[in-house]
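Notes follow the structure.
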Amino acid sequence: MENLNLSKYKTFYSIGLSYKKADAEVRGKFSLDAKAKTSALLQAKESGLESLIITSTCNRTEIYGYAEHPFQLIKLICENSNGTVEEFQKAGFVYKNQEAINHMFRVGTGLDSQILGDFEIIGQIKSSFEESRSLGLINAFLDRLVNTVIQTSKRIKNETEISSGATSVSFAAVQYIMKSVEDIGNKNILLFGTGEIGRNTCENLVKHTKNEKITLINRTKSTAEILAGKLNLVVKNYSDLHLELQKADVLVVATGAHNPTIDKAILNLKKPMLILDLSIPKNVHLNVQDLKEVTLIHMDHLSQMTDDTLERRKQHIPAAEAIIEDMKLELNIWMNGRKFAPTIHALKAKLNDIVAGELTFQRKKLSNFDEEQAELISSRIIQKITNHFANHLKDENTSVDESIDFIEKVFQIGFSTPTKEISIVEEKYKITLS
């Protein structure tokens with residue numbers, strides 16, 4: 001599947017950064033909030049990039065889409081975040097075509113997650129897909145790919161036990177709290193930030209700790225009130241944060257701020273406090289560790305903890321990978337039918353042009369030229385020729401990409417793409433990415 005051929009650009013890329021090479025500080029620089037994601041999508045549309053999705057979570061910021069060159073996509077991330085091209089070169093990745101497709105399958109099914117089997121990511125991919133679709137940035141291939149990944153995720157969740165136990169950062173956080181804090185059911189827990197991770201953490205806290213002393217604070221109080229109403233919890237005003245911090249035994253920070261919202265200056269502690277920072281960028285300043293009462297845990301620490309549950313989940317990786325291969329085969333069958341259609345249509349048009357030229361010549365040369373009969377015979381011959389090529393391309397033993405390239409070269413029916421923008425940006429940043 002080297003040539004996806006469903007776009008004016010022939011290369012499908014996955015580019016981005018994840019926890020594998022980028023620590024929380026670096027991931028924070030490249031993090032895109034909702035506004036930045038929308039801005040990047042609109043910028044992509046204005047620049048002529050026709051099909052892509054952008055995901056930005058606590059563990060990764062990635063773009064999946066078509067481009068002539070990966071730098072077009074890298075530029076989108078860098079210009080809409082606080083990250084630089086130089087930093088991306090050190091910690092980022094670039095996959096293309098089949099590698100990019102493989103990467104999306106592994107990400108969407110939780111095999112590439114910081115905590116193996118984390119199925120929260122598939123919901124984030126769905127959300128990203130819907131936003132891109134609302135902006136007209138989804139073509140037939142990306143539509144099919146995302147939906148196939150979603151179906152694959154469902155199958156793995158239903159047919160394997162890879163999602164047993166802690167399957168997300170939020171659950172792992174609650175598991176850590178329960179192991180580390182005695183009598184957790186009677187401790188004061190403060191949750192600051194009720195975005196997606198905050199909501200999931202809160203639900204897990206209520207479910208597993210049976211604690212009725214959980215307090216919610218969010219900059220937008222109405223958002224916290226919706227969650228509190230569902231779970232019968234207390235909501236306090238953002239202005240009361242410093243007071244609630246003094247009461248808390250456990251603080252969970254899951255805000256979307258770009259700078260630290262908690263530091264040692266606002267902590268006036270008279271008892272031990274466990275702080276879990278589940279935010280990207282980090283929202284708890286490292287200076288809180290200067291206070292002897294504080295134990296600070298970040299999500300990267302949570303992912304490094306192994307237990308029996310994780311080891312059991314690892315045993316189900318082969319089964320999950322087998323399901324992925326099965327679903328990728330279905331995608332490839334669909335792809336092979338889709339990707340040679342433009343070439344067959346272009347071939348037919350080329351043959352019609354050749355015939356039209358020859359008929360014009362014969363029309364002038366022959367006084368008794370039978371127009372109707374000539375067009376009928378020509379049409380049948382063209383159809384037979386294109387059918388032969390189509391049947392060849394449908395054969396499972398055919399190298400579709402090589403055959404398409406050969407047909408386009410012989411009949412001179414290529415699909416060119418612009419290169420000026422790439423040469424300009426490469427010269428500007430003095431880099432070459434492949």
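Below, each value reflects all heavy atoms present in this structure, side chains not excepted, and no hydrogens, waters or symmetry copies.
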Notebook entry, point to check: Do the non-hydrogen side-chain atoms of Ile177 and Val252 ever get within less than 4.5 Å of each other?
Noted result: yes

Next item on the list: List the steps and the verdict of side-chain contact (heavy atoms from CB on, under 4.5 Å) for Ser14 and Met104.
Entry: CA-CA 8 Å; Ser14 169; Met104 181 185 274; over 6 Å; no

Margin query: Surrounding CD of Glu159 (heavy atoms of other residues, nucleotides or ligands, distance under 6.0 Å), is the total greater than 12?
Written below: yes

Checklist line | Distance-only polar pair, side chains of Ser47 and Gln72, donor-acceptor under 3.5 Å | finding: no

Next item on the list: Determine yes or no for a side-chain-to-main-chain donor-acceptor pair under 3.5 angstrom, with Asp112 supplying the side chain and His103 the backbone.
Entry: no

Check: Are Ser128 and Lys37 close enough, and set up right, to give a side chain to side chain donor-acceptor pair (under 3.5 Å), and what steps lead you there?
Finding: CA-CA 9 Å; Ser128 300; Lys37 274 180 61 180; 3.2 Å; yes

Next item on the list: Apply side chain to side chain donor-acceptor pair (under 3.5 Å) to Thr148 and Glu330, showing your working.
Entry: CA-CA 9 Å; Thr148 302; Glu330 288 188 17; over 6 Å; no

Checklist line | Enclosure of Asn232 CG (heavy-atom neighbours >12, cutoff 6.0 Å) | finding: no

Check: So how far is it from Lys29 NZ to Phe88 CZ, rounded to the nearest 0.5 Å?
Finding: 14.5 Å

Next item on the list: Give the ring-plane orientation class for Phe12 versus Tyr64, where under 30° counts as parallel, over 60° as perpendicular and anything between as tilted.
Entry: parallel

Check: Would Ser170 and Glu120 count as having a side-chain donor-acceptor pair, cut-off 3.5 Å?
Finding: yes

Margin query: Would Gln98 and Asn102 count as a side chain to side chain donor-acceptor pair (under 3.5 Å) here? Give the steps.
Written below: CA-CA 6 Å; Gln98 190 61 60; Asn102 294 344; 2.9 Å; yes

Notebook entry, point to check: Are more than 12 heavy atoms from other residues, nucleotides or ligands located less than 6.0 Å from atom CD of Glu402?
Noted result: no

Note to self: Around atom CD of Glu375, are there more than 12 heavy atoms from other residues, nucleotides or ligands closer than 6.0 Å?
What the structure shows: yes

Note to self: One pair to check against side chain to side chain donor-acceptor pair (under 3.5 Å): Asn147 and Gln151. What are the steps and the verdict?
What the structure shows: CA-CA 6 Å; Asn147 279 288; Gln151 293 305 313; 5.7 Å; no

Check: With distance as the sole test, does Asn204 use its side chain to make a donor-acceptor pair with the main-chain N or O of Asn200 at under 3.5 Å?
Finding: yes

Checklist line | Geometric class of the Trp334/Phe141 ring pair [parallel <30°, tilted 30-60°, perpendicular >60°] | finding: parallel

Notebook entry, point to check: Is the shortest side-chain N to carboxylate O distance from Lys247 to Glu244 below 4.0 Å?
Noted result: yes

Notebook entry, point to check: Hey, would you say the Phe171 and His208 ring centroids sit under 6.0 Å apart?
Noted result: yes

Notebook entry, point to check: For Lys20 and Gln114, does a side-chain donor sit closer than 3.5 Å to a side-chain acceptor?
Noted result: no

Next item on the list: Write down the atom of Thr61, the atom of Ser31, and the distance for their closest heavy-atom approach.
Entry: OG1-CA, 3.8 Å

Notebook entry, point to check: Heavy atoms, side chains only, cut-off 4.5 Å: are Cys78 and Thr84 in contact?
Noted result: no

Check: Under 6.0 Å from the NZ atom of Lys221, do we count more than 12 heavy atoms belonging to anything else shown?
Finding: yes

Next item on the list: Report yes if the side chains of Asn218 and Tyr238 come closer than 4.5 Å at any heavy-atom pair, otherwise no.
Entry: no

Check: Closest approach of Leu137 and Leu142, non-hydrogen atoms and distance?
Finding: O-CD2, 4.4 Å

Margin query: To check you understand the geometry: which heavy-atom pair defines the closest contact between Arg313 and Ile162, and what is its length?
Written below: CD-O, 2.6 Å

Item checked: Donor-acceptor under 3.5 Å (Thr201 side chain, Ile197 main chain) -> yes

Notebook entry, point to check: Taking all atoms of both residues into account, what is the closest heavy-atom pair of Ser18 and Arg27, and its distance?
Noted result: C-CD, 3.8 Å

Notebook entry, point to check: Which pair of heavy atoms, one from Ile101 and one from Leu145, lies closest together, and at what distance?
Noted result: CG2-CD1, 3.9 Å

Check: Are any of the side-chain heavy atoms of Asp326 and Thr152 separated by less than 4.5 Å?
Finding: no

Item checked: Test: Arg106 and Glu321 ion pair at under 4.0 Å -> yes

Note to self: Between Glu325 and Lys328, is the salt bridge (Lys or Arg N to Asp or Glu O under 4.0 Å) condition met? List the steps.
What the structure shows: CA-CA 5 Å; Glu325 290 304 313; Lys328 276 164 53 179; 3.1 Å; yes

Margin query: Side chains of His258 and Asp33 only: does a donor on one sit below 3.5 Å from an acceptor on the other?
Written below: yes

Item checked: Donor-acceptor side-chain pairing of Ser279 and Asp277 below 3.5 angstrom -> yes

Item checked: Atom of Ser39, atom of Asn80 and distance for their closest heavy-atom approach -> OG-OD1, 3.0 Å

Margin query: Return the CG to CG distance between Asn211 and Asp249, rounded to the nearest 0.5 Å.
Written below: 9.0 Å

